[in-house]
Amino acid sequence: MLDFIVKRFFQGILVVFLVLTAVFFLMRLSGDPTTLFLPQDASREQIEAFQHQMGLDRPLYVQYGEFMGNAVQGDFGESLRTQQDALQSVLDRLPATFQLAAAALILALVIAIPLGVLSAYYRNSIFDRVAVGLTVIGQAIPTFWMGLLLIFLFAAQLKILPSGGAGTPIHMILPMLTLAFYSTARFTRFTRSAMLDVLQQDFIRTAKASGTPTFPLIMKYALKNSLIPIITLVALDLGELLGGAVITEIVFSWPGVGRLIEQALMTRDFPVVLAGVFIIALIYTVINFLADVIYAYVNPQIRVK
Amino acid sequence: MAESILEIKDLKIQFQNGKHIVQPIREVSFQIKAGQTVGIVGESGSGKSVTSLAVMGLLPDRISSIPSGEILFDGKELTKLKEKEWRKIRGNEISMIFQEPMTSLNPVFTIGQQLSEPLKRHRQLSNKEQKAAIIKVLKQVGIPRPEQIIHEYPHQLSGGMRQRVMISMALLCEPKLMIADEPTTALDVTIQAQILSLLKKITSKKDRSLMLITHDLGVVAEMCDWVVVMYAGVIVESAEVNELFDRPLHPYTRGLIQSLPSNNERKSKLYAIQGQVPKPEQVKQGCIFANRCPLAMEKCFQESPPAFQEDGHLSKCWLQSSDEGVVR
Amino acid sequence: MAEDYLVKVQNLKKYYEVSKGMFKQKTIIRAVDDVSFSIKRGETYALVGESGCGKSTTGKTILGLTDATAGEIYFQGKDITKISYSDMRKLRKDFQMIFQDPYASLNPKKTVREILMEPLRIHKKFEGKEREKKIHEILEIVGLSKSHLHRYPHEFSGGQRQRIGIARAVILQPDFIIADEPVSALDVSVQSQVINLMLDLQKEFGLTYLFISHDLSVIEHMTDRVAVMYLGKIVEVAETEELFENPKHPYTQALISAVPVAHPREERKRIILKGDVPSPANPPKGCPFHTRCPFAMDICSEKAPEEVFFTDGHKATCHLYTNSKEEIKDVIRNS
Amino acid sequence: ACTEETAGGEDSGGEGSGDGGDSKDSIVIGFESDAATLMANTDVNYVTDAQIRNIYEPLIERDIETKDYVPNLAESWENIDELTWRFQLKEGVTFHNGAEFNADAVKFSIDYILDESNQSFYRSRWVDIEEVTVISPYEIEITTSRPFPDLMERITEDLLIMEPGYVEDVGNDTAANEPVGTGPYQFVEWSRDNHLKLEAYDDYWKGEPEIKNVEFRYIPEFSSRLSAFLSGEVDLFKNIPVDSVAEIENDDNSKIGEASSSRINYVALNTFHDGPLQDQKVRQAINYAVDVDSLLENVLNGYGTKITGPLSPVNSGYVETEDYGYDPDKAVELIEEAGYTPEEISLTLETPSGRYPMDNQVAQAIAAQLGEIGIQVDVSVNEWGNHLERIQNREMGDMFILGWGPAFEQQGTIGNLFTEDAPYSSFHDEEIDQEIYDANGTFDPDDRFDAYAELQRKLVEQAVWVPLWQQADLYAVRSDLDFEPRVDERIVIYDMSWE
Amino acid sequence: MASSIPNEPLIPEDDSLAFSQKTKAAEFFTSLLHSWTGLLGVAIIFILLFLSIFGHWIAPYDPVKTELTAKLLPPLTDGHLLGTDHLGRDLLSRIILGARISVIIGLSTVLIAGLIGTVIGIISGFFRGWIDIVLMRLVDVQLSFPFILLVLIINAVLGAGLKNIIISLAIGGWVIFARVIRSEVLALREKDFIQAAVATGVSRFEILIKHIVPNLFTPMIILASLQISSFIIAEASVSFLGFGVQPPTPAWGNMLSEGKDFIFSAWWLITFPGLAIIITALGINLFGDWLRDTLDPKIKGK
Ligand SMILES: Nc1ncnc2c1ncn2[C@@H]1O[C@H](COP(=O)(O)OP(=O)(O)OP(=O)(O)O)[C@@H](O)[C@H]1O
Ligand SMILES: Nc1ncnc2c1ncn2[C@@H]1O[C@H](COP(=O)(O)OP(=O)(O)OP(=O)(O)O)[C@@H](O)[C@H]1O
Ligand SMILES: [Mg+2]
Ligand SMILES: [Mg+2]
């Protein structure tokens, strides 16, 4: 167990390190942020002064070395745009992102698992077909389109929900729905197919043969087996929801990490991009680790005694 | 004859996969008397498992149906039962041991949890009583340290142990009939011997009936009182066990017995039945075995033979018809 | 005499390193643990034992499908454990394998013709027309026809596939064939067809078989000598008839006694072994069988037994025979 | 942080709904992005500036009608010599924290810009300042290292006064998040990328503002912004695409505010590379072939004010220049005179997307217009950062669309666009270079005006670019809000009121 | 979408995978006729391909021709079936021509990503050892990052445009191919028929090319068909953020991006391209699902 944790810890560090390295060089390749920050009328000398000030005129490897040296100490530098501590800016956005992701995830699970279970149980019935149809359509709808549609309906036409911003729980409804939509489709499908898989297993027949009625059979015997693979998927999706909700965050003006990174990308605010990438890679790694641990916990076959 | 615990009459079972209809069970009739161990032998795909599932009411929903025939259990017609009524029977009056001990237990529940299931469904017992009852059967099937085992998960047990757990589960509610579908095929020889002797011990006590499904004639010879030989969804021969081995009537049964290596001289060519078992959709008119039968006659290809019977020894072969005379 | 041995295996070891589950440490599985035996030209040598005892691993290691951890394998007097993959390739025309699972051993994307052509092509045997002729010939020998040439494996039944597998193995006319449970996946009626085929081929081509099986009645029927394996070790070797008549090792005895009878009236005294085969990852100390042995003595759990030789090359590895004969009888009687 | 947001959100919801009727004293203003920092004198971006100008104040303001400098925190000023300026400051002004406004604050604010470690983006404009000297508590002197006529402009446009005691006390980081100024509104709460809340400063020296509570809300997506406006969450926001104007006009509670901005849009004709554009005649031809009126009418729905030269009438020093007008025949003629046929000219036109009103649509329409006379134009759209970088690195293709401003001084535009150093027009001519240099050094206002007037005429004659228009700044405004859009894009809440 | 996750198991059981040439087509066809979802998917894909090839002839108007006097016409006016956009371009024509871009992007990304991923997966799975470790770490690195952000970052480096969006999507998308193919190869390696080939003396290279690769086609095709739609959607998302295919080239993503500002005034501008994307993704997904169900007996199941 300890072995495993130590191994995963170092693996995680390696992964985060490599991600940072890759993004560092990618960002430098993306161009020079100077023009974006200085006034348009800045002269050549002024530009050079800025580059010098920001350390952009030094050889890449020196910049990289310094960046890594500082990053190890949790110092990603200051945002070029806001001059705030880059890491802090990202951390400040994290709660909003977490809130949204958690809400969306819970919503998705609450809808998807019963739907997937029923769908699998009533395989090939009308209900199943409708459910499967919805999931296929759900996976075909781009997030931003869904977002726009919801804004159009609930904010512009019906005027019952705010179109964006954060603050009250009401503000969260539309972005949560948007984010949950895709996940719900995925989870439903996955639950359904995991359930179908399980329902074909011999041990289900065994349970039936000992007179177990349908409801406990499904809820107790089959679902627990299906939940095990779902955990991995949920972990992956949580990662995606945390880091990949860029579009939803933009459409609904949600002050989260994704939007911050996108903005930083557009303005080539390197320190913020890197800090954001760092946090996301870290979260991913941690979530995956936790998923493995939970997986091992609920799956007695690999649990340590 | 009177106390047959299970009687199957002219059972037909069909599966429908989309527009495809197959009938893997076409004519099956046999009975099991109280206290008897009846062996059902036949090669892969002959319909042994499907038959047993029909007796348990576990044929897959929607895609399977029983177009005709009856299954009488203790005088009760089972084919028309509702799911609720089935539940009272399953695990309680009829129980089943499956072929694959590795996959027949739920990997995420402890042995104890799984064993308590039939008790929960069919007996009103306190937790303590449940535990006591479980430990008792576990001891009965020869599982060491049952108090510990009930807290373990299936994957922590070996194949033999798991099969014992399956057997104990089948025994828990003292059913009138047990069905064992190839309970030892997946096991090693030495473990197989353990399990067979256990089953023997169990059936010899009280009068438990056992329907033992196998493809191994040796197991039949070892275990059974009565034998039913199936071939491609049809019962071709059925007889008392000694009678069957001494005087097999159907060429298929004869072939099976003759091809046992121990019935052949060492290093000589084994007796072999030519060809292979037809799939359910390949069945043509006439005797189903005709195309592989060394004694096949014209008639065999045209008309399927009825069940000829002689002192309870049944055989579905034209050779038994009076005008041809009984061979041997 | 020594030249008579086609295959000679000496102190062969094959250990697998596996990590089970994500939290668990690596464990070493001693699949084959110090095994020596020799196979004479033209004989059928059987390897018998329970699941997981290392039969297949032994076979695959001999064929160089996995590398041996230690030990030597002599084929026609040459040690083949030390030669390179490409040198080994050339040798392969002389030894072949028949696999257990007829469904997994044929490439589903290739026709029968392609499957049979490959060995000829690889070893540059014959030219164009002749190759076709050879393929037709071999198909006929294994009981298939030309009409099957362009079909894919999935269009055949298990028995037919096994025939194709056998055809592939013998098309190069090798000297030596390892058959790993060639019939255990087959139906009873087809099983005898395949056994007959193997017997025929042996006669026709003078093949030497290493026949791996757990089915003692088949072994008794068709093999010349038997090695009994238990937990990666060979515990007894004897001529087949001798072994079945006069098994020495308690494990062999139990194994033979466990075979179901052929007739309901036949009586047989059973030795029912207690417990299960221990894991090869964690084999018992001393004699690996002592945990289940009805005759286990104190020494069995302490010291691994030495080989004991009886008449006609019959040998067993058991402490019962390392002491004097008298004591043995006592032990057996008292049990 | 979550609880803060929630708490903040609740009362904002109350204000935002805006149905309080007569008792209404709060406003919600939508912005496409957050302020980069609330520190004054740091970020040049208009979004930041527009917001913090309600907190901080400049020394001098500009009358947007007359374009004259008018006193604010400075009461008067004089030029001692070409290198020395002296300012008299207003007395009795207090910062939000109660501290007195005085000369120290001014010196501190300028020094803040000049201090390299503060990384002010304004610093580059202020490098010619030599020293700031406090003469008396309400008198200050600035000396420059060379004649710097532009200083007035810089003081007016850039400089905002910070409270030195506060900044030194709490440090730059805190001051950047919780600003203290002398302006009409004081800081309440800032949730990054979410909102900024201000409240009226009771002791404001010009008198208490009418609107008491202000919230800037950040909504990056236009459609979300619009929907927030239409649903009443937001009372005011800027930058409406021209095609959405009707939508707002049709809404009963809304109106459109329009101002002709001092920001101009143009099509640059790149002469840095070899090619037909180095030929004056070809450049002129393109000027003839682009129908600016039609673009304005059809693409911009008439929102915008046509310009004909390098400056807009808003700029000081503007003189009227000749309009090329739309004359495709003349264009073809000129091209042929230059030794080409239109068909053999193939040009690229690069544009950002969404940076200026309808920018990429304008580019596509221009391509179509040039296509009419046979010139093949390939439009490509650049991400904004790339666009700027390509210009800066002189990697731009033949033509590109860019905006400039808001600027008032002629030097700010001409000096920064048409010299060899400045790539933003990508036009360069040695003679003009020299004239610009000379004009910039001219201190006498009249001489300076004449020099620039001449330059404007020359630049038009050279057809250095295709002048398009002054951007129309379009605001969506709650109909009962008294709000006058300004040419300088500033949003002065102090001047607003509810009817 | 990188979560183009191991949704359902992709590894098909080998034996029912194989169809003999003759029966293959027939069996395929009948199985298609029996599945209306599969048929619908195929129909949509055919329409899409048809439009992308013959779009120029079918489109009623020049899709890039601006007609400023006829801008923002609602559907069904003046011969514009789906209306016009803010530059007076015919929406229907643009959607028809946009199909081509979607097809190009879908196919070429899946081709590039599939190729890279497959090659890496094969190398990793077949040769194992250190190269496997290195490559799989690379995969880990990439998987510890949201797909869409990755694509954005790469696009920020490369700049916008058709070619670049394809490259960035491919870079973002190869991982899943590598993973799936690697595990397929690992599974194949252990198969008896590979062992049989080794035993016959087939060289390693030939084993790879003749025995392993042909058995990868099915999982590759299934995976590819399931990935295409996520690439198409991802392109639209990236275009929505301003990267991606740039105007005036008609692509559904940039049409949406341009149209989103008109959500209140001209609903058709985001509605129809959006529907086009959805229908396309739907069609491809249906087809992919059907393909998997047909080729993968595990799901088809008993
Ligand atoms: N769900 C099903 N759908 C269609 N056909 C089925 C189904 N289940 C079984 N069959 C068919 O019914 C026939 C009998 O199958 P069954 O499992 O009873 O054989 P068996 O005698 O038990 O064979 P084995 O020894 O292999 O277990 C087979 O041909 C099989 O293909
Ligand atoms: N590739 C492998 N990696 C790890 N362990 C292996 C591998 N192959 C075999 N083993 C282990 O080695 C031991 C011997 O396996 P082997 O397949 O040789 O047994 P066997 O006697 O052929 O059994 P069976 O009768 O089941 O085929 C088993 O415990 C098995 O789990
Ligand atoms: Mg069966
Ligand atoms: Mg084996």
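Just so we're on the same page: letters track the sequence lines, and every chain starts at 1.
- A salt bridge does not link B:Lys267 with C:Glu220: none of the charged nitrogens is closer than 4.0 Å to a carboxylate oxygen.
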Worked check of side chain to side chain contact (heavy atoms under 4.5 Å, CB included) between B:His215 and C:Asp187: CA-CA 8 Å; B:His215 62 255; C:Asp187 262 337; 5.7 Å; no
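- With a 4.5 Å cut-off on non-hydrogen atoms, C:Leu199 touches chain B through its side chain but not through its backbone.
- Checking C:His263 against B:Asp246 by side-chain atom types alone, a donor-acceptor pair falls below 3.5 Å.
- If you measure heavy-atom distances from B:Leu256 to chain C, the contacts under 4.5 Å come from the side chain alone.
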I'd like to know whether B:Leu270 forms a side chain to side chain contact (heavy atoms under 4.5 Å, CB included) with C:Met222, so could you lay out the CA-CA distance, the side-chain angles of the two residues, the decisive distance to 0.1 Å, and finally the verdict. CA-CA 10 Å; B:Leu270 288 169; C:Met222 68 172 292; over 6 Å; no
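- Heavy-atom distances place the side chain of C:Asp200, and not its backbone, under 4.5 Å from chain B.
- In this structure, no portion of C:Ser257 lies under 4.5 Å from any heavy atom of chain B.
- Only the side chain of B:Ser197 comes within less than 4.5 Å of a heavy atom of chain C; its backbone N, CA, C and O stay farther away.
- If you measure heavy-atom distances from B:Tyr271 to chain C, the contacts under 4.5 Å come from the backbone alone.
- For B:Glu222, the parts sitting under 4.5 Å from any heavy atom of chain C are the backbone and the side chain alike.
- Counting non-hydrogen atoms of neighbouring residues, nucleotides and ligands closer than 6.0 angstrom, the CD atom of B:Glu147 exceeds 12 such neighbours.
- Residue contact with chain B, scored on non-hydrogen atoms closer than 4.5 Å, involves the side chain of C:Arg292 exclusively.
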